[in-house]
Amino acid sequence: MSFKKLNLALMVLFVGFFFLIIFLHYQQTLRHVHTIMIDNLRENTINMKLDIKVILKNHKDLNLKAYLDRQKAASRMVENIYVVKDDGILVRTSDYLYDKKVFYYTNSINMRELTPENIMHIAMIQFNINIISEGKKVGYKIYIKTNTDYIVESVQKRVLAQVFYPLLFFVGIVMFYILYIKRMIIKPIIIIDDFLRGLIQRIPKFYILELDNLAKNLQENIKKLTNLAYYDTLTGLYNREAIDDMFLGEIRSAEKKDYNFSVALLDLDYFKKVNDSHGHDVGDQLLKEVAVIIRTIAGGKEKIGRLGGDEFLILFDPSTKDVSATLQAINERLEKPINVKGHDFYMGLSIGVVSYPVDGTDVSTLLKRVDMSMYQAKEEGRNRIYYYSEELGNKIKEEFALEEEIKHALEYDEFFLQYQPIVNVDDKKVVAAEALIRWNHPSKGLVYPDNFIPFIEKGCCTKEVGELVYEEAFKQQKVWLREGIDIILSINLSVKHILSTDFYKHMNKLVEKYNMDLTKIRLEITEYTLMEHRETTIKILTQMQEQGFQFSLDDFGTGYSSITYLKDTPISSIKIDKSFIDEITHDNSGEAQFFDAIVTLSKVIGLSSIAEGAEEEYQVEYLKKSGCDMIQGYYYSKPLNPKEFNTYMRQSISSV
C-alpha cells in the first residue's frame, strides 16, 4: 500500500470515528435537554396544581383567570392553559381567542407519560385535580398547551451549542494533522513548488482568521441567548422572568437599606379591539410604539418590563418621588394619536399602583395587589390611575364572599320572583307586570336587587341567574294564561347574558318547552347596557324580534343614546326612569319638561311609553294629562308574589 493510500485510509478512519462520537454526544445532549425541560414542566405543574386547587377550593374564579395569565406569561414553553370540569365544561382559560363553553382537545397525554422521546410531538399535557366542595367531590382537568415551536427552537439552539465545541476541537486536530503531515512527511516526498509553498504559508493566517471569526460568532450567540432569557422579543423590554428577579432583588435591597419604592401595572384599554379590527401585526406594532413611549417618559432609572399581552410593569427607582406625575405623563401621551400603518390610535391606560412595604413585603403579594388596583381602575371607567388601599382589599374580599353567597343561593333556591303590575292610563286595567328578582337570604332575610344585581351584572353568575329568572317567569306566565290572566310579562334582560355563547339557543329551548306566546312576553334592556355593546346586541335583538320577541328600553333618559340609535333599535316601548317622575311636584312647579319631551318623542317615533316609579296621586294625574300610555309604581301596587298578584288582579277586574 502506498503512503498516500495509507494516509487517506487513516484520515477516513479518524474522521468516521470522530463523527460517530459527535453523533453519540448529540443524542445524549438531546436527551439531556429534553429531560431538563420535562423536569421544569413537572415542577411548574406541581406548583400550578397546588395553586389552582386552592383557588378552585375557595371558588375564587376571578383570581384563577389572573393566575392563568401570569403562568402563561411566566413560561415560554406554555402557550395556553385550560381549566375544565370532568364533564367538559370550560371553567377558565388564558386563551383570549377560545370562546367555546365546552372544551375539545386532541393529542393529549398525562404529565407522568411525558418522556424525552415524545415531548417534541405532544400538543397538550393534562393533569387532574379533585376537590371537596360542600361535601361533594368535584373533578377538574387542567390542560397545558405547549409551545412546540419554542421547544423545538430552544432545543436546537442548546444542542448546537453543546455540539459546537467538539466540532471546534475536531477542526483544530484536523488542521494540526494536516500541517504536521504536510511539513514532516509530504514535504520531503513531494516536490514543493512556489504555489504550494505560498499555500502552506497562508494556512496559519487562515487558521487564525477562522478562529477569530468563530470567537466572534460565539460571543454573538451568547448575547442572543442572554436576550432570549431576559428580554421580551417583541418590545425589547425586560420579560416576566427578568422582572421577577429584579423585583426580588429590589425587595432584598430595600429590607437591608430600609427604603420604599413603588410598582405600577399598566394595561391598555380596549387593546383587543385593535387586534380584532386591524390584525395582530398592527397590534404588535402598536405595542412596540407604546413600549417606546413608556421607556422615553419613564426615563433611564426605572425598570420597565412587559408581563405579556398588553400589560406593562414599571419598577420605580427609590429616588423617584413623583410617581403619579410620570404615570400621568404616559397616559396623556397615549391619548394623542399613535400612527401605525396608516391608522391613528388613541389609547388609554388603566393603571394600578402599589408601594413597598406599605402594600406588601413580598413579590407575590405586591403583584396580586397591583393587579387588583389595575382592575379597579378598569371598573371605575378605565383611563385612570388607582392606588391600592386597605378599602380596596376589603372590597375584593367582600365581593368574593358575595360571589360565594350568590352561588350558594343558586344551589339552594334562595332566589324568587315578585311581580309589579303595570296599569293602562286610559281604563286603569292591568295590562302587564314586571318580573323582579328577590333573594331570601338565610341570615340577612329579604335582600333587594340593588344589593346584588350590580355585582351580577359585572359577570358573577350572570348566565345562571338569568336562566333562573326566565325559567320561573315563563312558567308563571303559562300558569296565568291558564287561569285567564291575560297580560304581558316584562322580564329584565342583561347584556352580559345576551353575549353568552348559548343565550339564543337557550331562549328558544324555553319558548319551545313552555309553548310560549311571544306576544305575551316583553324583554327589558337598559339604555346604558344596550349602548355599551350596541352593535353585537342590536344584531341579536333584531334576530329575536324577527322570531316574535318584543323589547322595551328600560331607564330611558339616563343613558346616552341618540334619536338615530333609538330609531334603529328593535323596541316597541320605552320605560321612563323614575328620576323624571320625581321632578313632578304637587303644585306642578317642578321641572317636568324632560318627561313631557320624552313622551312626545315616543309618540312621534311610534313607541308606547311607560312611566316607572309613580307613588303619589298628583304624579299619576300629571302622567294621565301628559299622554303617557302606562304607569308602574307603588301608587297602584308594590311587587307581589304570584298568590298576591292573583288576588290583586281579581280585585282590579271587579273594580273596573
Side-chain angles (χ1 to χ4, degrees), residues 41 44-45 47-75 77-111 122-134 136-148 272 275-276 308-309 371 375 400 403-404 406-407 410-411 455-468 494-509 533 536 540:
L41 277 173
N44 291 339
T45 300
N47 295 333
M48 192 186 304
K49 183 175 182 179
L50 294 175
D51 292 340
I52 292 177
K53 188 171 185 179
V54 171
I55 294 173
L56 290 173
K57 188 174 183 180
N58 295 325
H59 303 288
K60 297 182 177 181
D61 291 351
L62 296 178
N63 271 4
L64 180 57
K65 180 64 173 67
Y67 177 81
L68 296 180
D69 288 344
R70 289 196 292 270
Q71 289 297 316
K72 172 183 174 181
S75 175
M77 286 191 289
V78 176
E79 184 172 340
N80 276 304
I81 307 170
Y82 304 84
V83 180
V84 183
K85 283 190 175 181
D86 276 348
D87 58 3
I89 300 299
L90 181 67
V91 179
R92 282 288 187 271
T93 177
S94 63
D95 186 358
Y96 290 98
L97 300 178
Y98 194 89
D99 59 352
K100 298 178 182 176
K101 185 63 179 177
V102 179
F103 181 73
Y104 299 97
Y105 62 93
T106 57
N107 195 16
S108 170
I109 66 170
N110 197 285
M111 173 57 75
I122 297 301
M124 288 276 191
I125 301 171
Q126 73 173 63
F127 58 89
N128 299 330
I129 293 179
N130 293 317
I131 63 170
I132 304 300
S133 177
E134 300 177 354
K136 299 179 181 179
K137 181 179 179 182
V138 182
Y140 295 85
K141 294 186 187 314
I142 313 301
Y143 294 91
I144 301 175
K145 184 177 182 182
T146 58
N147 188 343
T148 53
K272 186 177 183 296
N275 279 336
D276 293 343
D371 196 55
Y375 276 106
F400 280 137
E403 182 177 358
E404 293 296 322
I406 290 173
K407 290 179 178 178
L410 285 167
E411 184 176 357
F455 183 67
I456 291 176
E457 285 289 349
K458 291 181 183 179
C460 172
C461 302
T462 306
K463 177 186 172 185
E464 292 80 0
V465 173
E467 290 179 353
L468 179 148
S494 165
V495 170
K496 280 192 169 58
H497 189 191
I498 293 176
L499 298 178
S500 62
T501 53
D502 58 350
F503 168 76
Y504 188 73
K505 180 180 178 181
H506 181 75
M507 288 296 289
N508 281 331
K509 282 186 176 180
H533 304 278
T536 304
I540 297 174

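All values reported here derive from a predicted model rather than from experimental measurement.
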J.: If you take all heavy atoms of Val83 and Leu90, which pair is closest and at what distance?
T.: O-CD1, 3.6 Å
J.: Under the rule for side chain to side chain donor-acceptor pair (under 3.5 Å), what residues qualify as partners of Asn508, not counting sequence neighbours?
T.: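 Side chain to side chain donor-acceptor pair (under 3.5 Å) check on Asn508 returns Gln547.
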J.: Does any part of the side chain of Val138, heavy atoms only, come nearer than 4.5 Å to the side chain of Asn130, both counted from C-beta?
T.: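 Heavy-atom side-chain distance check fails, nothing below 4.5 Å.
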J.: State which residues pass side chain to side chain donor-acceptor pair (under 3.5 Å) with Tyr82; sequence neighbours excluded, sorted by chain then number.
T.: Asp95
J.: So which atom in Ile131 and which in Tyr140 form the shortest heavy-atom distance, rounded to 0.1 Å?
T.: CD1-CE1, 3.7 Å
J.: Output all residues satisfying side-chain contact (heavy atoms from CB on, under 4.5 Å) with Asn128, sequence neighbours left out; order by chain, then residue number.
T.: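 Expected list: Gln126, Lys141.
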J.: Residues two or more places apart in sequence or in another chain: which of them pass side-chain contact (heavy atoms from CB on, under 4.5 Å) with Ser94?
T.: Leu68, Asp69, Lys72, Asn80, Ile81
J.: Can you list everything that forms a side chain to side chain donor-acceptor pair (under 3.5 Å) with Asp276? Sequence neighbours excluded, please.
T.: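 Expected list: Lys272.
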J.: Roughly how far apart are Ile406 CD1 and Glu411 CD, rounded to 0.5 Å?
T.: 14.0 Å
J.: Go through the structure and list residues passing side chain to side chain donor-acceptor pair (under 3.5 Å) with Thr462, not counting sequence neighbours.
T.: none
J.: Test Lys407 against Glu403 for salt bridge (charged side-chain N to carboxylate O under 4.0 Å, His left out), laying out the working first.
T.: CA-CA 6 Å; Lys407 290 179 178 178; Glu403 182 177 358; 3.4 Å; yes
